[in-house]
Amino acid sequence: MATLTRTIEIADLTPEELAAVFAGMVGEDQARFFSKVWEIALYWPGAGWCQQSYDIVAHLDRDGRSAIATLAAHLEGETQ
């Protein structure tokens, strides 16, 4: 069987579309998503993820803040 490698560039994916894909994942895959974002962000110039986090928070609405606060609250009970 032959193999094929494809590279597909999607330049117009909206935040709503990305959120729908993320919401369709199981928890383990969602966790891997955040780990990969962190891995990528380690190579960003300047203040990197810290600066990006500031910018994200500056644009969050009430729903976004609730989602992040709920996720962060569960970190407190982490046992691993």
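Keep in mind that this is a model prediction, so the values were computed, not measured. Numbering starts at 1 and runs along the sequence shown.
When the salt bridge (charged side-chain N to carboxylate O under 4.0 Å, His left out) test is applied to Glu28, no partner is found at least two apart in sequence or on another chain. Applying the side-chain hydrogen bond (donor to acceptor under 3.5 Å, both in side chains) criterion to Gln52, with sequence neighbours excluded, gives no partner residue. Applying the salt bridge (charged side-chain N to carboxylate O under 4.0 Å, His left out) rule to Arg32 yields the partners Asp29; only residues at least two apart in sequence or on another chain are considered. Residues satisfying the side chain to side chain contact (heavy atoms under 4.5 Å, CB included) criterion with Ser35, sequence neighbours excluded, are absent altogether. Under the salt bridge (charged side-chain N to carboxylate O under 4.0 Å, His left out) criterion, Asp55 pairs with no residue, sequence neighbours left out. Applying the side chain to side chain contact (heavy atoms under 4.5 Å, CB included) test to Phe22 and every residue at least two apart in sequence or in another chain returns Met25, Gln30, Phe33, Phe34.
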All N/O donor-acceptor pairs, side-chain side in residues 38-51, below 3.5 Å, sequence neighbours left out:
unit_1	atom_1	unit_2	atom_2	d
Glu39	OE2	Lys36	NZ	2.9
Trp49	NE1	Ser53	OG	3.0

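Here the side chains of Leu75 and Leu71 are not in contact, with every heavy-atom distance at 4.5 Å or above.
Identified under the salt bridge (charged side-chain N to carboxylate O under 4.0 Å, His left out) test for residues 44-54, with sequence neighbours left out: none. Within the structure, salt bridge (charged side-chain N to carboxylate O under 4.0 Å, His left out) contacts touching residues 57-71 (residues at least two apart or in different chains) do not occur. Within the structure, the salt bridge (charged side-chain N to carboxylate O under 4.0 Å, His left out) test picks out no pair touching residues 14-27 (sequence neighbours left out). The side-chain hydrogen bond (donor to acceptor under 3.5 Å, both in side chains) contacts involving residues 1-11 comprise nothing, where partners must be two or more places apart or lie in separate chains.
The same ILVMFWY cluster, assembled from side-chain heavy atoms under 4.5 Å apart, contains both Val37 and Ile56.
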